[in-house]
Amino acid sequence: MIRKTIQIASLDLFWMPRLQAALAGDFDTELFSTWSLKWSRPNPGLCVHNFWWLHYALQLYKMHPRLQFKNITYLRLCEAFDWHLSHALSSEADLLVAMSGFGEWTIRKAGKRGIPVVIECGSTHTDFQHQILTEEFARNEIKSSLFPDSYRARLKREFNAADFIQVPSRFVAETFVSRGVPKEKILLNPYGADVHLFRPRTQSDMKKIFRVICPSGVNLRKGARILVEVWRKLGWSANEAELHWIGTPGPETQHLFRDSLPGLIWHGWMSQQELAVLYRTCDVMVLPSFEEGFARVLVEAAASGLALAATPNTGVEDFFFESSDVGWILPANDVHAVCERLE
């Protein structure tokens, strides 16, 4: 029996090495991406095609906001990767799986060769994302949008050209269907958690300080403003409650922290093992996001025994309902609702 060949492509690695590892048992797979030899690879034996110089350009973009130019630089990086990918695409491939935003020209080439294409999209439809985040940016007196119109137009051309679009939650799927993408074109593939790593603590100590954790990073998209307003409104002292926040404020959120927050404890980047340990010291996870695809951290926190307080915009409704004992589904942009649940 001849094994089928799947080519997988993404400018940044994201979860694509995991996808490749899962497919490698039944298919011949090739991963096209960027990485530096100094960085540990998720599976060195699987990473075959390395557009290495784009890795350094991408890291410079991430580290230096002045180089971003309202994300025009990101668009150029996507185009550069797409150009390389279109020349590396094999005519022998049986399927192309490409992360959204990185493969418009390659998808067209695949179509001419009769190669089916699946777009991996970890976020909502670009028009929904643009609308809801533009409104939140305006509340924070930021006039620029998340992505330039030319990048969003590129995404929509990819959506039209692809055979299928794989998304991680029903919430995301609904944003595509409501904007004219045929329902039969959507593939639903939710994320999971390693329940051997993420597991509940064995003993509970009701006398310890109440601990809230937010492992989402610190940005407006994930509801940073909401969480800051909630914590100020609750007015708890550092002896009463702690807010463990994983991430670092960037240019769009620095204004939120001009005044200190009692009980706020910053954490930098954490490994999965470190995060699992921290979860077991906390009581509730809060994620007041305006827009996400599916927040895998919610599943991991639930597996660790934490109560959850999250908006439906996180995709959380795919694995629990308001009537369950897992936690609470809260409206987006509702400070009072978050305060009420934490109290």
Side-chain angles (χ1 to χ4, degrees), residues 6-24 29-36 38-52 54-63 68 71 73-75 77-82 84-85 88 95-104 106-107 117-126 129 146-147 151 154-155 158-159 162 164-169 171-172 176 187-194 215-217 219 221-222 246-247 269-272 275 289 291-300 314-315:
I6 300 178
Q7 295 191 322
I8 303 169
S10 176
L11 172 64
D12 216 342
L13 287 173
F14 296 112
W15 60 86
M16 301 306 254
R18 294 186 181 185
L19 174 64
Q20 185 189 27
L23 294 171
T29 59
E30 297 178 315
L31 175 61
F32 297 78
S33 191
T34 64
W35 64 87
S36 164
K38 293 181 180 179
W39 291 44
S40 61
R41 304 181 201 170
N43 192 327
L46 293 176
C47 298
V48 179
H49 301 278
N50 179 13
F51 304 148
W52 62 268
L54 272 173
H55 170 90
Y56 294 102
L58 182 62
Q59 297 311 310
L60 284 171
Y61 161 84
K62 290 179 179 179
M63 292 186 294
Q68 295 179 9
N71 278 327
T73 304
Y74 186 71
L75 172 61
L77 290 171
C78 293
E79 291 172 342
F81 179 82
D82 191 9
H84 279 278
L85 183 62
L95 179 69
L96 171 65
V97 181
M99 187 69 76
S100 61
F102 306 147
E104 179 190 355
T106 307
I107 292 169
V117 176
V118 175
I119 288 290
E120 281 273 346
C121 192
S123 295
T124 56
H125 189 283
T126 184
Q129 184 184 70
L146 182 62
F147 291 111
Y151 176 78
R154 177 185 179 86
L155 284 174
E158 289 184 358
F159 297 156
F164 297 99
I165 304 168
Q166 185 155 274
V167 300
S169 69
F171 173 74
V172 171
F176 276 82
L187 305 177
L188 182 61
N189 186 19
Y191 307 141
D194 182 350
S216 65
N219 58 71
R221 175 174 164 252
K222 302 293 184 77
I246 299 171
W269 180 88
M270 303 183 77
S271 68
Q272 291 276 283
L275 187 57
S289 298
E291 188 275 332
E292 294 210 38
F294 184 94
R296 191 179 66 192
V297 290
L298 287 166
V299 188
E300 294 168 347
T314 62

Apply the test side chain to side chain contact (heavy atoms under 4.5 Å, CB included) to residues V97 and Q166: give CA-CA distance (whole Å), side-chain angles for both, the deciding distance (0.1 Å), then the verdict.
CA-CA 9 Å; V97 181; Q166 185 155 274; 5.9 Å; no
Measure up the W15 and Y191 rings against each other and bin them: parallel (under 30°), tilted (30 to 60°), perpendicular (over 60°).
tilted
Check C121 against P168 and note the closest heavy-atom contact, atom names and distance.
O-CD, 3.3 Å
Working to the nearest 0.5 angstrom, can you tell me the gap between F147 CZ and R154 CZ?
12.5 Å
Candidate pair T126 and Y151, rule side chain to side chain contact (heavy atoms under 4.5 Å, CB included), full reasoning
CA-CA 9 Å; T126 184; Y151 176 78; 5.7 Å; no
Looking at every non-hydrogen atom in both residues, tell me the closest pair between I119 and A162 and how far apart they are.
CG1-CB, 3.4 Å
Under 3.5 Å: donor-acceptor pair, side chain of E158, backbone of G101
yes
To the nearest 0.5 Å, tell me how far E120 CD sits from I165 CD1.
11.0 Å
Angle between ring planes, F32 versus F51, binned at 30° and 60°: parallel, tilted or perpendicular?
tilted
Let me confirm one number: the CD1-OG distance from I107 to S100, rounded to the nearest 0.5 Å.
9.0 Å
Where do A9 and M16 come nearest, in terms of heavy atoms and distance?
O-CE, 3.7 Å
In terms of heavy-atom contacts, V297 and P215 come closest through CB-CG, 3.9 Å
Does the N71 side chain pair with the main chain of Y74, one donor and one acceptor, at a distance under 3.5 Å?
no
From CZ (R221) to OG (S123), nearest 0.5 Å
4.5 Å
Under 3.5 Å donor-acceptor, S10 side chain and S33 backbone
no
Give the minimum heavy-atom separation between L13 and T34, together with the two atoms involved.
CG-O, 4.2 Å
Minimum heavy-atom distance between V299 and G192, given as atom pair plus value
CG1-C, 4.4 Å
In Å, rounded to the nearest 0.5 Å, how long is the span from CD of E292 to CG of L298?
7.5 Å
Rounded to the nearest 0.5 Å, the CD1 atom of I246 sits from the CE atom of M270 at a distance of 5.5 Å
Knowing that exactly one of V118, V117, I6, I8 qualifies, which makes a side-chain contact (heavy atoms from CB on, under 4.5 Å) with L96?
V117
